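Order of the sequence lines fixes the chain letters, A, B, ..., with proteins taken first and strands second; residue numbering starts at 1 for each chain. As the structure is a prediction and not an experimental result, all values here were calculated from the model.
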Amino acid sequence: MEILRPYVEQVLHPALVSLGIAESNWKSMIAPSRERFMGDLSLPCFAFAKQLGMAPNLIAEKLQSMIEPTEVIDEINSTSGYLNFKVSPIWLASYVASGQIRVGDATGEYPSGDRAVLIEHTSANPNGPFHVGRARNAILGDTLVRLHRLHGNDVRAEYYVDDMGKQVAVLAWALANLSAERVEEILSDREPLNELWKNKADHERVRWYQAAQVLRNDDDYKEDIEREIAAMVHASENGDDKVLASFENAYQPVLDGMLQTLGRLGIYFDEFTKESLFVTNGDVSKVMQKLTELDIHGVADNGAEYLDLGARGLKGKTEFYFRRGDGSSLYATRDIAYHIWKFTQCDNLINILGEDHKLQSKQVSLTLTEMGYKTPEVLFYSFIKLPEGKMSTRRGNVVFMDDLLEEAKAHAAEVVKEIRTDYTDQQISQIAEAVGTSAVRFNIIKVSPDKGFTFRWEEALSFDSDSAPFIMYSHTRSRSIAKKCHDLGVDLSRINDIDTSNIPDSMYELLRIIACHNDVLARSVKQNRPNLFASQLLNLANYYNGFYRDCKVIQGGKVNHSFLAISEIASQLLKSGMIGLGITPLEQM
RNA sequence: GGGCGCGUAGCACAGCUGGAUAAUGCGUCGGCCUCCUAAGCCGAAGAUCGCGGGUUCGAAUCCUGCCGCGCCCGCCA
C-alpha cells in the first residue's frame, strides 16, 4: 500500500534517529505486510540487530512503544522482529471516496504518462489460422498494450508482417501452381476443412500451404519445387517488386482472416510494418555495412559474414551470421534494422516472443549494444501443449482459436439459458459472446508466461473456477445496484459522502484492496507480467462480493449513500481493470 | 553433448536484493436463497517449497550436484 508509505516514514524517522539509526536505507526495507491481519506495511528489524546489539523482536517492540498512532495509521504492532503499520479505516474511506485512487483508461485515448511505448506482438507468419498456441502471443501482447495504457503510457501496438522469406514463398508458390482439386487430393487423409470456415481465407489457404509442404517432402517433386521457391525467396530478399507483390496477393487475405479472429478477442493494431520495407529502403544494407566494420566481425570461406558474439559473453554457438555467402541478408539482420527503426519511434520497446526466439533475441540485443543502440525489453512465453503432445499445424495436431471461440460461446450460451430463463435469444447470444471470449483470454492471461501449460477443453471452457465470468459477475452486480439507485432518483455523479461512523469489516477490507490496486498495476506493467494484475482483479471482485454481502446499498427502498459511493468506485476499478485485461464489462449477465 | 528457462497443496498463482506460523484464488468437503443477480457467500481440510549437499544465527529465496519438463544450438523464419 504505497499511499501509506510517506506517513509510515514520517512516524518512523524520529523513532529510528533516537535509537541511533541515522542512514535512510531503512526506507527501502519497508514492504507490504505478509498477512493482512497484521498490517499494510511492515519494517523488518533484523538488519538493525547487529548495530544496536539488540534482538530484532526487542527492537520492534521498542519502536512500537515509541510511536503513537495517528489519524492515518491507527494500529502499530510488533511481532517477531517486525514492526507493522495498519491504515485507519476512517482515513482510508475518506481517501478513497475523495477520488484519489486513479481509475485509468485502458483504451488509451488519454495517455497521462510521459512514456511512449512501442509493443510489438503477434507478428505471426501470415500462412494460416491462429491455433491456441500462436494466440498466446497475441493475448499476452494485447493485454500488455492495454495495461500500459491503463497505467497511462502512450502505447503503439505493432505487427511486424513477414512478407518475404520461405514461408510466404511456399504459400505463393502453392496458390500459383496447385488447383483446389489437387490440394484436396494431396490432403485426402486429413480432416476436411470445417464448413464454418469455408469462406475464411486463413482456413482456406492454409490447405494450399499444407499441400505444398507435403510435396516438398515428396521425392518426385522436391527438387523442382525447392528450386522454384528458392528463386522466389532470393528475388524477394533483393527487393523484387513483382515477386513481393505476388507474395502480398497470397498472404494478405490470410492475414485479414487472422485479424478477424483477433478482432473477436478485442485485439487490434495501430500499425503494420512489413519486413520488406527495410530491404527496399536500404536500411538492411547500411546495417550490414556497419556490422562489417566491427572488431568482432568475421568472414567464412564462401564470403558469408558473422559476428563472434562469444567475445561479448554469448555461450554455446557464438557465430552470429548476418550475411549469406551470396551477399543477401538474413531474418535476424532485417530484425536489427527493424529494431533501430523502432527506437526512432518510442522511448521504450517491448517485444513479445515465444521461447524459441530466446537465442535469436539475445543475438539481436548483443549486436544492437555493439552498434551503440538501446535494447528492447522482451516478454518470452512458453508454448501451449495438447494432451497428445506438441501443437503442430503440419501434423494436424492443433486447436484453432476460431473453433475454441465457437465452443466457448456455445458453452456460455448453455449456462446463460439455464439460469436466465427470461432473456431473449439476442441477449443470450450477446452475453455468451462476451463471456466466451473473455473466458478464453483470461484463462491464458492468468498463467505466468514463462510456464508452459497443457490445453484442456474442460479447463478452457470452465467458467466456475478462477475465471473471467467471476469478475464479470461482480461487475454486473455493481451495475445492477447503480441502476436501481438511479431509478430511485439518486444522482450517481454526485456521491462522495462517507459515513465514517459505519465502516463494517468487509468494507474496510475492500478499501484496502482498492488502495493497493494501482501498486499492483504499476508492478505488473513494470515487470511485464499481466498475470499479476489478473490476480488483483480477481481479488477485487472477491472482496467486492464480501462487501456486497454485508453492506446493503439499498435496504427497504432507501439508499445508503456511503455504501453506494464505495460500490461505485469499486465498480469503476473493476470496469477499467476488465478493459485492461480485455474482459468485456456487461451491464447484466 | 552444450546453452537458456521452468519445477511452491488436486489446479493456478504470489513470495525468490535470505528473515514472522509459506500468502491468495479455484477445486474438494460441510453449511447458506422470505434478503440489491446463488455465475454468489460462509466454514473446514489440504504443502517433504522437485531431490541431495553446502554457506548462514536463519534458506522457497544464495552456491553446488542430481532428477524431471520445455526451448534453442540452420549462411531457415
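Regarding contacts with the backbone of B:A20, every side-chain N or O of A:Asn57 stays at 4.0 angstrom or more from both OP1 and OP2. Between A:Arg529 and the phosphate of B:G15, there is a side-chain N or O to OP1/OP2 separation shorter than 4.0 Å. The phosphate of B:C71 (OP1 or OP2) has a side-chain N or O of A:Lys390 nearer than 4.0 angstrom.
Annotated as syn: B:C33, whose O4'-C1'-N torsion sits within 90° of 0.
The residue among A:Lys385 and A:Asp550 whose nearest nucleotide of RNA chain B is located toward the 5' end is A:Asp550. Comparing A:Tyr331 and A:Cys551 along RNA chain B, the residue whose closest nucleotide (by nearest heavy atom) sits nearer the 5' end is A:Cys551.
A donor and an acceptor atom, one from each side chain of A:Asn545 and A:Ser474, are located under 3.5 Å apart. Between the side chains of A:Asp308 and A:His297, not a single donor N or O lies within less than 3.5 Å of an accepting N or O.
For RNA chain B, runs of at least 3 consecutive pairs of the Watson-Crick or G-U wobble type, with both hydrogen-bonding distances under 3.5 angstrom, map to B:1-7 with B:67-73, B:10-12 with B:24-26, B:28-32 with B:40-44, B:50-54 with B:62-66.
Whole-Å rounding puts the A:Met38 CE to B:A22 P distance at 11 Å. Nucleotide B:U17 holds its P atom 15 Å from the CE atom of A:Met29, rounded to whole Å.
Without hydrogens or angle criteria, A:Thr333 side chain to A:Ser329 main chain gives no donor-acceptor distance under 3.5 Å. Between the side chain of A:Tyr338 and the backbone N or O of A:Leu277, no donor-acceptor pair lies under 3.5 Å.
For A:Leu359, taking side-chain heavy atoms from C-beta onward, the closest of the listed nucleotides B:A77, B:C41, B:C73 is B:C73. Taking every side-chain heavy atom of A:Glu355 into account, B:C71 is the closest of B:G25, B:A39, B:C71. For A:Val447, the listed nucleotide lying nearest its side chain is B:A12; candidates were B:A12, B:A39, B:U21. You'll find that the side chain of A:Ile431 is closest to B:A39, out of B:C75, B:A39, B:G40. Minimum atom distance to the side chain of A:Lys451 is reached by B:U8, of the listed B:G25, B:C4, B:U8. Nearest to the side-chain atoms of A:Ser42 among the listed nucleotides B:C35, B:G25, B:A20 stands B:A20.
For A:Asn302 against B:C75, a side-chain N or O and a base N or O form a donor-acceptor pair under 3.5 Å.
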